[in-house]
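Worksheet: one structure, shown below.
All values derive from a computational prediction rather than experimental measurement. Below, each value reflects all heavy atoms present in this structure, side chains not excepted, and no hydrogens, waters or symmetry copies. Chain identifiers are assigned alphabetically (A, B, ...) following the order of the sequence lines, protein sequences preceding nucleic acid strands; residue numbering begins at 1 within each chain.
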Amino acid sequence: MPSIGPPNGVGGTIDRVKIATYNINSIRNRLPRLLEWLEAAQPDAVCLQELRIYDEEFPKDEIESAGYGAIWRGQKPRYNGVAILARDTQPVEIRRELPGDRGDVQARYLEAAVNGILIGCLYAPNGNPQPGPKFDYKLAWLARLAKHAKSLRDSDVPVVLAGDYNVVPTSADIYSTTSYDDDALVQPESREALAVLIEQGWTDAIRALHPRETIYTFWDYMRKRWERNAGLRIDHLLLNGPLRKRLVAAEVDRDVRGRPGASDHAPVWIEIED
DNA sequence: ATGGCATTTAAAAAATGA
C-alpha cells in the first residue's frame, strides 16, 4: 500500500494520513488564505465546499503550484461548488453527483479515490427557510445521501464522507441560544436525517475522539459571534468501519476562522494511521 | 418580528447563505 505525503524519516515511523474538510465560502476571495493554510497544515487530502465559481474558474495552476492535484465541480450562477485536493497526486474521480435525482443541477457532491481511501466530498443544502421547498430539498438530499452512503459503507475499502452537512447533531453542538430555534440546521427532521446515517454504522470522527468537548466549526459573521465563541458544529467527517479502526486524531483548525477575511467556517481534519 | 454580515448578481436592491 503506497503512502501519500512526504517521507516519514527514519526508524519505524508509522505513516500518517491527514484528511481535511473546509467550507471556504468563495475560493476567489479566499485563495491566499487557502494557500497559507495548505502550507501550514499540510493535509494529504482536502474536501472544499462553497467554491462559488464557474467550472472554468478553478485556480488549477495555483493549487498545482502548492503541490496538489484536484478535481472540482463549479456551477452557474456561482453558488455551491465542491473540490477534492490531493497532495502529490491526482484524485481519481468516481462520481460528480449524488445519485437519485437526475434533475438536480446543484454542485454539491464529488467522490474520488486518493491512495486507497474513498473520499466523498459533500455540501448539503442549508434548507432555510423552514418549512418550505428549500427545507424539503434539504431533507430529500440527505435521504439520497443516506441511500448512497449505505452502498459505500458495505465496501471493504476505507471511506470518509466529509463536508458541510448543515446539521447541528445535538444541542451540545451549538452555543446556548434561542436564535437558531427556527433554523433548518437544528430541526428534529434534520437531526434525524443525520442520525439515520450514523446508525448505518458511520462514525462522527470529532465526537469519537472528543465525546464531551465543546467544539464548533462555524461562526456566523454577524453579531460578533466569533468573538463570543457563539458557534455551531456542522462540518463533519463520517468514517466507515475500516477507516474508523485507523483514526488517531480529529481536530478543528479554529485559528483559521479568526484571521482577517476568513471564511465563516474553520477547517476540520482527521489523521489516520496504517 | 427584525436585523446583524458577507458574497454574488447586476447596476439598486435582492437573493443566498447559516
*Within this structure, what is the CD-to-C1' distance between A/Q49 and B/dT16, rounded to whole angstrom?*
17 Å
_Whichever of A/Q106 and A/N25 has its nearest DNA chain B nucleotide further upstream toward 5'_ = A/N25
*With a 3.5 Å cut-off and no angle check, do the side chains of A/R153 and A/N240 form a donor-acceptor pair?*
no
*Say whether A/N229 and A/R254, considering side chains only, have a donor N or O and an acceptor N or O under 3.5 Å apart.*
yes
*For A/D235, which contact category applies under a 4.0 Å heavy-atom criterion: base, sugar-phosphate, or nothing?*
nothing
_Under the criterion ring pair (Phe, Tyr, Trp, His ring centres under 6.0 Å), I'd like the reasoning laid out for A/Y22 against A/W37: C-alpha separation, chi angles, the key distance, then a yes or no._
CA-CA 11 Å; A/Y22 185 16; A/W37 172 71; 5.4 Å; yes
_Gap between atoms CG and P, on A/L185 and B/dT16 respectively (whole Å)_ = 17 Å
*For A/Q75 and B/dG17, give me the distance from atom CD to atom P, rounded to whole Å.*
10 Å
_Using a 4.0 Å heavy-atom cut-off, does A/R233 contact any base of the nucleic acid, only the sugar-phosphate backbone, or nothing at all?_
nothing
*With a 4.0 Å cut-off on heavy atoms, is A/D164 in touch with a base, just the backbone sugar-phosphate, or nothing at all?*
sugar-phosphate
*asked:* If I take atom CG in residue A/L232 and atom P in nucleotide B/dG17, what distance separates them, rounded to the nearest angstrom?
replied: 16 Å
*If you pin A/D264 and A/R30 to their nearest nucleotides in DNA chain B, which one's is more 5'?*
A/R30
_Pairwise C1' distance, B/dT8 and B/dT2 [rounded to whole Å]_ = 23 Å
*In whole angstrom, give me the gap between the P atoms of B/dA12 and B/dA1.*
32 Å
*Are the charged groups of A/R78 and A/E57 less than 4.0 angstrom apart, N to O?*
yes
*Give the rounded distance in Å between these two atoms: CZ of A/R228 and P of B/dG4.*
15 Å
*A/Y123, nearest nucleotide to its side chain (from B/dG17, B/dT7, B/dG4)*: B/dG17
*Return the value, rounded to whole Å, for the distance between atom CE of A/M222 and atom C1' of B/dG4.*
6 Å
*Classify the side-chain pair A/E50/A/S26 by whether it contains a donor and acceptor separated by less than 3.5 Å.*
no
*Letter per nucleotide, 5' to 3', of nucleotides 8-15 of chain B [B base touched, S only sugar-phosphate touched, - untouched; heavy atoms, 4.0 Å]*: SS------
*asked:* Say we look at B/dG4 and B/dA10: how far apart would their P atoms be, to the nearest angstrom?
replied: 25 Å
*Applying side-chain hydrogen bond (donor to acceptor under 3.5 Å, both in side chains), which residue pairs with at least one partner in residues 154-164 of chain A are found, sequence neighbours left out?*
A/N23-A/D164
*Given atom CD1 of A/I24 and atom P of B/dT7, what is their separation to the nearest angstrom?*
12 Å
*asked:* Under a 3.5 Å cutoff, is there a donor and acceptor pairing between the side chains of A/W219 and A/D264?
replied: no
*So, A/R16 and A/D44, do they make that salt bridge, N to O below 4.0 Å?*
no
*Across the strands shown, which category fits A/F218 at heavy-atom distances under 4.0 angstrom: base, sugar-phosphate, nothing?*
sugar-phosphate
*Can you tell me how far C1' of B/dA6 sits from CG of A/D220, to the nearest Å?*
9 Å
